[in-house]
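The structure appears right after this line, and notes come after that.
Order of appearance sets the numbers: ligands from 1, and atoms from 1 within every ligand.
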Amino acid sequence: MGMRSVSIFGATGSIGQNTVDLIARAPGQYRVVALTGSGNVAQLAADAIRLGAELAVTADAGRLQDLRAALAGTGIEAAAGETALVEAADRPADWIMSAIVGAAGLAPGFRALRHGTTLALANKESLVTAGPLLLQEARNHGATILPVDSEHSAVFQGLVGEDIAAVERIIITASGGGLRDWPIEALAKATVADAGAHPNWAMGQRITIDSASMFNKGMELIETKEFFGVTPDKIEAVIHPQSIVHALVGFVDGALMAHLGAPDMRHAIGYALHWPDRRDLPVSRIDLAQIATLEFYAPDLTRYPALRIAREVMETGGRSGAVFNAAKEVALDGFIAGRIGFMQMSEVVERVLDAISPRLCLTSPMSSLEDVLDTDQMARQTATTQIEQMEMT
Ligand code: NAD
Ligand code: MG
């Protein structure tokens, strides 16, 4: 068997760095084709050199000279900009990690499917905005999509050897995020620093804030529906402060299969990297007696309106996922920039869904990637307008 070729999109981020770590621990086992990043050009170049990549791409067109300089004399190609990113997905690789954050991750991952690759999908936005298109593209080209979000990797593992028709429910767990134990009245005043601290997982800033608001869990409910093709009434989220149980699959005979593991993304990444095999991974092992207690409780929808909105989006389907995601991204930018408060993020998303529906049939399916990007743009504009209006009042 030849050496396995891999590319990592979003290599400089939290998921990307965990992926780089696993590849770097197996010298001589992988041929690294492309690594991509955006602003962090020094990290990108250092990893490209360390892993012996053929190509490094920064999404930031203005950083091409910096990247070239950092790679001078190494023989590693440098490229920059959005087009270069999609072109990097045209370079054949057996396994591609999709770990760019946000809707920007959709186009490169979508393109990679055309070449029949195995796409390890961390970029949940791809499934939320364009689930049916993405799965269809994979089917058209004999490509494989493997989930990397920890909950979805856990569900996927729970389904090995099972018939999806025998699944009665899928339960994904949520830590409750950094503000879980705050009094509900205090949430309106939460700062970016408050919301950006996670009790259990070390992740990128955006997903950490999305965990505190549970927009992340809302995205994951939609992701579950899209990826596993089950109806919304079978999908639940439960709060589990210890983050040891990642997901549970319930079957028609009443059995409930749980996936337990340390909160370390290298498990889900490694599972996708070695699938369908299992290999030794450098993650800590669970000591049940030491943990002693695992707690579970139902989320309060007043505290987490994102869960209620996500459920509506699951029911609506069509374009509503793309609108939800784009509005959420703009609302998150608004919160990070100090323009709106923590609880106003869900208000923005809800207003955008309401305001856009007379102009856009939310239930109608998406016909192409352009369609998704148009919907995304329209939702972003609407969200920007909503935030401006909220700032004035
Ligand atoms: P991050 O912010 O740490 O890293 C994001 C990566 O994307 C970086 O390499 C960055 O350079 C690149 N990037 C940012 N904006 C870009 C743009 N416009 N165009 C191209 N590249 C761009 O994010 P992360 O926490 O690693 O998350 C990555 C994805 O994985 C997200 O979709 C997230 O929801 C998902 N995810 C993350 C975790 C986690 O533990 N961090 C867990 C589950 C799912
Ligand atoms: Mg997750």
So what's near the Mg ion (ligand 2), protein N, O or S atoms under 2.8 Å?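 D149 OD1, E151 OE1, E220 OE2, with waters left out.
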
Report whether L294 and V249 are members of the same hydrophobic cluster (ILVMFWY, side-chain heavy atoms less than 4.5 Å apart, transitive linking).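 Unlinked, L294 and V249 end up in two clusters.
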
If you round to the nearest 0.5 Å, how far is CD of E226 from CE of M314?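 It comes to 10.0 Å.
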
Do side-chain atoms of H152 reach the backbone of E220 as a donor and acceptor pair under 3.5 angstrom? yes

Protein residues that have a heavy atom under 4.0 Å from any atom of ligand 1, sorted by chain and number: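 Answer by chain and number: G10, A11, T12, G13, S14, I15, G37, S38, A59, L85, A99, I100, V101, A104, A122, N123, K124, E125, D149, M203, G204, I207, M265.
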
Consider only side-chain N and O atoms of [X] and [Y], and report whether a donor and an acceptor are under 3.5 Å apart.
| X | Y | result |
| --- | --- | --- |
| S153 | Q157 | yes |
| D60 | T58 | no |
| D94 | S5 | yes |
| S150 | H267 | no |
| E347 | Q386 | no |
| S368 | D371 | no |

